There are 2 protein chains.
Amino acid sequence: MKRNSRLSSTLHILVHMAEKPEQALTSEQLATFIHTNPVVVRRTIAGLRDAGIVTSSRGHGGGWLLGRAPEKISLAEISVALGETLLPFSTEPESPGCLVEQAVIAVLDDFRIAAEKLLAEKLSRITLADLTADFRRRFDLIGVSSHAV
Amino acid sequence: MKRNSRLSSTLHILVHMAEKPEQALTSEQLATFIHTNPVVVRRTIAGLRDAGIVTSSRGHGGGWLLGRAPEKISLAEISVALGETLLPFSTEPESPGCLVEQAVIAVLDDFRIAAEKLLAEKLSRITLADLTADFRRRFDLIGVSSHAV
DNA sequence: CTTCATGTAACTTAGTTAGTTACGATTGGC
DNA sequence: GCCAATCGTAACTAACTAAGTTACATGAAG
């Protein structure tokens, strides 16, 4: 699992879970999908459990299941649950009292707030169901079921 | 200079330069504005010079000047010249051949491309002149000229 | 020809995050 | 009741990134 790929890795995992809605998948299994180890998976998607996007159960036959239907899970929610920021730059003051900095931060903050709202809206219109539909289209076209390396 | 503040730090510097259009400012002077050292400043804004946003000259009386009028310098250009990415997540394949990953990346890439276009458009409508105007408004209101710590 | 400035390479330091190890807690099967 | 499977989580390590620093070569002005 590379850096900055938490969103795509998590989506990868969730699509696999959506494809096996009856079967709890273990962290171990999920980890193999994204080439990492079980602890990283648990840590990464812990926030999704808190948000009700997935559920986990311990012991024999335990593992992870979607918390609700894929149509009801938006990328916006997933992104928030992962604790991801939508924009990479900060606007925190470093020279309190400097009017130049205040002007820069004011303009940048206006932009940031508007931009985050826009992006969140766009992401809220994409659901996990859209991803599984895209996957199934590809699957029907190519007809390969195995998870490639 | 904190992490992820390259854009705001650079804007801070540029507004100061715009306020002294006749006077070349040294890396040393620019560095004090953003509490860092001259080498970091040169390295950070080297890309702006390549983009024609600023010019630099060496030797006695040398330093940095804006390359053109503040009205002609957009935040979009500055962001590109800094080599900043507008969105923080990657969509690089880690499991080539996996159809699930392909579906995830396809959807995410569509989003990323549309989002970057939107953000770039928004940023291209904000110019350095907007920032200096905001600064002057604050300055006129409060009437403090010194650069605070 | 000395001084002031940038340009840049090389190294150091600090911070972040993935990866790993370890172990406790919980669950189900026998 | 006991054992094995599984998650939850803390603590540590390793790898990577970016800022900070040092050093020195280059070039311009007087």
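Because the structure is a prediction, the values reported are computed rather than measured. Just so we're on the same page: letters track the sequence lines, and every chain starts at 1. Values below: every heavy atom of this structure, side chains too, minus hydrogens, waters and symmetry copies.
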Would you compute the distance between atom [atom1] of [X] and atom [atom2] of [Y] and round it to the nearest 0.5 angstrom?
| X | Y | atom1 | atom2 | answer |
| --- | --- | --- | --- | --- |
| B:W64 | B:R49 | CH2 | CZ | 4.5 Å |
| B:L123 | B:L118 | CG | CG | 11.0 Å |
| B:S79 | B:R6 | OG | CZ | 9.5 Å |

Write down the distance between [atom1] ([X]) and [atom2] ([N]), rounded to a whole number of angstrom.
| X | N | atom1 | atom2 | result |
| --- | --- | --- | --- | --- |
| A:Q23 | D:dT6 | CD | P | 11 Å |
| B:H35 | D:dA19 | NE2 | P | 17 Å |
| B:E28 | C:dT6 | CD | P | 9 Å |
| A:L30 | D:dA5 | CG | P | 18 Å |
| A:L48 | D:dC7 | CG | C1' | 15 Å |
| B:E94 | C:dG19 | CD | C1' | 14 Å |
| A:N4 | C:dT17 | CG | P | 9 Å |
| B:R49 | D:dG27 | CZ | C1' | 13 Å |

Query raised in the report: Quick one: the side chain of B:R58 and the base of C:dT6, do they pair up donor-acceptor inside 3.5 Å?
Result: yes
Query raised in the report: Is the A:F135 ring parallel, tilted or perpendicular to the A:F139 ring (thresholds 30°, 60°)?
Result: tilted
Requested in this report: In sequence, state the C-alpha distance, the side-chain angles, and the governing distance for A:D134 and A:R138, and then conclude on salt bridge (Lys or Arg N to Asp or Glu O under 4.0 Å).
Outcome: CA-CA 6 Å; A:D134 194 319; A:R138 288 164 195 274; 2.6 Å; yes
If the cut-off is 4.0 Å, is [X] near the phosphate of [N], judged by side-chain N/O to OP1 or OP2?
| X | N | value |
| --- | --- | --- |
| B:S57 | D:dA28 | no |
| B:T36 | D:dG20 | yes |
| B:R42 | C:dT6 | yes |
| A:S27 | D:dC7 | yes |

Report task. Report which part of the nucleic acid B:R43 touches: base, sugar-phosphate, or nothing (heavy-atom distance under 4.0 Å, all strands). Result -> base
Please pick, from [options], the nucleotide with the shortest atom-to-atom distance to any side-chain atom of [X].
| X | options | answer |
| --- | --- | --- |
| B:N37 | D:dT21, C:dT6, D:dG8 | D:dT21 |
| A:H60 | C:dT6, D:dG8, D:dA4 | D:dA4 |
| B:M1 | C:dA18, C:dT6, D:dG20 | D:dG20 |
| B:V39 | C:dT20, C:dT26, C:dT8 | C:dT8 |

**Report entry** Whichever of A:S56 and B:G61 has its nearest DNA chain D nucleotide further upstream toward 5'
**Finding:**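 By nearest-heavy-atom nucleotide position, the 5'-most residue is A:S56.
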